[in-house]
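Below: one structure, written as structure tokens.
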Amino acid sequence: MIPYGKHYIDEDDIQAVTDVLRSGSLTQGPMVEKFEKAIAKYVGAKYAVAVSSGTAGLHIAALAAGIGPGDSLITSPMSFVASANTALYVGAKPVFSDIDNATINLSPNILKNTLLNHSNARAVIPVHFAGLACDMAEIKKVADKSNILIIEDAAHALGAKYPNGQRVGCCSHSLMTVFSFHPVKAIAAGEGGMVTTNDESIYHELLRLRSHGINKLSDQYQIPEQAEENGVSCPWYYEMQELGFNYRITDIQCGLALSQLNKLEKFLIRRRDLVRKYDEAFLELPNCRPAQSSGRDISGHHIYVLRIDFKKLKMSRAELMSMLKESNVGTQVHYIPLPAHPYYRNLGFVPEDYPNALDYYNEALTIPLFYEMTDNQQQLVINTFKELLK
Ligand SMILES: *Cc1c(COP(=O)(O)O)cnc(C)c1O
């Protein structure tokens with residue numbers, strides 16, 4: 001079976017994890033900071049805070065931004081559930097703003113209208129779908145006019161660039177950017193996430209929230225008189241200053257992630273080549289087209305999505321998927337529109353309010369794309385589609 005996506009682990013990764021296991025520290029040792037510094041340098045941000053997952057990163061990013069009850073948080077209806085759940089975690093109201101048909105990303109124009117109808121919006125979480133960066137310059141213009149913050153959900157986009165050549169994560173258009181290192185993403189840590197920012201006070205807040213709300217680095221004590229006895233400072237003293245979490249990542253995970261980061265460029269180049277070959281092949285096939293076609297040289301290419309006109313094809317998606325499976329071609333759908341989930345329907349949302357996301361959903365099929373995919377495997381996928389789509 002050729003899966004739709006797959007992580008890649010080599011002997012260097014195994015050695016890197018083994019090295020950590022032999023090093024004496026399993027968590028909160030040197031690897032976490034090393035990984036943070038490496039990501040900050042790679043994306044071009046001042047600060048990076050590693051956490052236990054991308055979801056944990058989104059959660060503390062929203063808290064650090066000061067979003068809470070009474071606020072609305074806008075995101076894309078076409079994403080993984082974590083993007084919108086972030087609003088609910090902090091007691092804010094999730095608001096969806098429809099996607100652009102050509103990019104599957106948040107549309108800056110539609111966002112403008114969404115903001116007109118939501119005066120209590122405090123922040124927007126654009127999602128770089130499949131690794132294609134959102135039009136951040138436009139989104140920032142729109143957000144600035146309404147005085148709202150931007151937190152980028154870059155779970156798909158490690159290694160991707162904006163059209164101006166800067167890397168996603170540099171935060172030149174946002175307060176924070178969040179990455180995920182789940183195995184299906186660009187690099188694997190097992191589970192893991194990272195928040196990048198250029199704001200020093202946000203950085204300190206993220207460090208506290210990651211670890212129970214306990215003061216970190218040079219944070220001032222709130223009750224300094226408790227911190228000393230007869231003028232001698234107490235070496236054991238620390239303060240819990242707010243309600244935080246245990247969202248720490250381990251040294252074991254960071255050892256793996258650092259080793260994976262060494263291969264990221266190689267991963268991206270192979271993915272880009274595979275995408276180019278797919279693009280060419282599907283140009284000639286009826287009733288289908290790539291869901292995205294812009295930014296091919298700068299996207300992170302997290303997944304490859306085809307849009308298929310199932311009505312014209314006179315075949316349902318489920319039927320096509322099972323026929324593909326018989327030819328050992330694994331596929332998936334990214335994603336069910338968030339407003340279609342029962343939990344969101346119960347909150348009053350309906351997918352029909354987001355026609356672009358719904359149209360896309362009705363046609364979307366994610367086909368195999370991963371670093372280790374061989375030319376032969378890709379040819380098999382293409383040939384199978386040629387057979388089934390004609
Ligand atoms: C994977 C993903 C997340 C969550 O990341 P985890 O590390 O799995 O918690 C958030 N947003 C999007 C768009 C994702 O694809």
Side-chain angles (χ1 to χ4, degrees), residues 4-7 35-36 39 48-63 73-90 94 96-97 99 103-106 123-134 136 139 150-160 168-169 174 176-196 206 209-210 245-250 253-254 256-257 260-261 271 291-292 299-305 332-339 341 344 357 360-361 364 366 369-370:
Y4 84 83
K6 190 175 177 284
H7 62 270
F35 183 42
E36 289 173 338
I39 289 285
V49 176
V51 286
S52 52
S53 70
T55 305
L58 285 167
H59 184 188
I60 62 170
L63 284 173
L73 207 174
I74 301 171
T75 192
S76 168
M78 185 43 62
S79 185
F80 184 57
V81 295
S83 312
N85 290 351
T86 301
L88 299 171
Y89 292 154
V90 300
F96 297 109
S97 187
I99 57 167
T103 62
I104 322 301
N105 282 332
L106 209 66
V124 57
I125 301 186
V127 181
H128 305 304
F129 191 89
L132 176 65
C134 295
M136 291 309 299
I139 289 175
I150 303 174
I151 300 167
E152 295 169 75
D153 182 341
H156 296 182
L158 182 66
V168 170
S174 63
M176 284 171 269
T177 302
V178 181
F179 294 101
S180 164
F181 311 115
H182 179 277
V184 85
K185 309 292 163 68
I187 63 169
E191 295 281 355
M194 189 76 79
V195 187
T196 60
L206 290 168
L209 288 168
R210 172 176 71 179
F245 306 88
N246 179 353
Y247 280 167
R248 293 188 301 264
I249 190 169
T250 66
Q253 290 163 305
C254 291
L256 174 57
Q260 288 261 301
L261 188 58
R271 281 173 177 273
Q292 299 172 320
S299 170
H301 296 300
H302 165 55
I303 48 176
Y304 192 97
V305 183
Q332 182 53 281
V333 176
H334 295 94
Y335 295 92
I336 296 158
L338 298 182
H341 285 287
Y344 280 96
Y360 160 81
Y361 169 63
T366 303
L369 179 71
F370 52 96

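When a ligand or atom number is given, it counts from 1 through the structure's own listing order. Computed from a prediction, not measured in an experiment: that's the story for all the values here.
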Can you see which heavy atom on [X] is nearest to which on [Y], and at what distance?
X	Y	value
Ser83	Val127	OG-CG2, 3.8 Å
Ile139	Cys134	CD1-CB, 3.8 Å
Phe179	Leu158	CE2-CA, 3.7 Å

Run the numbers for me: atoms of ligand 1, each under 4.0 Å from some heavy atom of [X], listed by number.
X	value
Gly192	7 (O)
Ser79	13 (C)
Tyr335	15 (O)
Ala82	10 (C)
Phe80	2 (C), 3 (C), 12 (C), 14 (C), 15 (O)
Ser53	7 (O), 9 (O)

Handout entry: Rounded distance (nearest 0.5 Å) linking atom NE2 of His7 with atom CD of Gln260
Key = 8.0 Å
Practice task
For atom 9 (O) of ligand 1, grab the closest protein heavy atom and report residue, atom and distance to one decimal in Å.
Solution key: Thr55 OG1, 2.5 Å
Practice task
Among all protein heavy atoms, pick out the one at the shortest distance from atom 15 (O) of ligand 1; state its residue, atom name and that distance to 0.1 Å.
Solution key: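 Minimum-distance protein heavy atom for atom 15 (O) of ligand 1 reads His156 NE2, 2.8 Å.
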Exercise for the section: Decide if atom CD1 of Ile336 counts as having more than 12 heavy atoms of other residues, nucleotides or ligands within a radius under 6.0 Å. Expected result: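 Check fails, neighbour count at 12 or below.
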Exercise for the section: Look at the rings of Tyr335 and His156 and say which category their plane angle falls in: under 30° parallel, 30 to 60° tilted, over 60° perpendicular. Expected result: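 Taking His156 first and then Tyr335, their aromatic rings lie parallel (interplane angle under 30°).
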Handout entry: Parallel, tilted or perpendicular, as decided by the 30° and 60° cut-offs, for the rings of His59 and Tyr89
Key =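 The arrangement is tilted - the two ring planes meet at 30° to 60°.
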Problem - Asp153 N/O under 3.5 Å from ligand 1 N/O - result: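 Such a contact does occur with ligand 1.
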Handout entry: N/O separation below 3.5 Å, Glu191 to ligand 1
Key =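 N/O-N/O distance under 3.5 Å: no.
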Handout entry: Whether Lys185 lies under 4.0 Å from ligand 1, heavy atom
Key =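 Yes.
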Practice task
Determine whether His128 and Met136 make a side-chain contact, defined as any pair of heavy atoms from C-beta on separated by less than 4.5 Å.
Solution key: yes
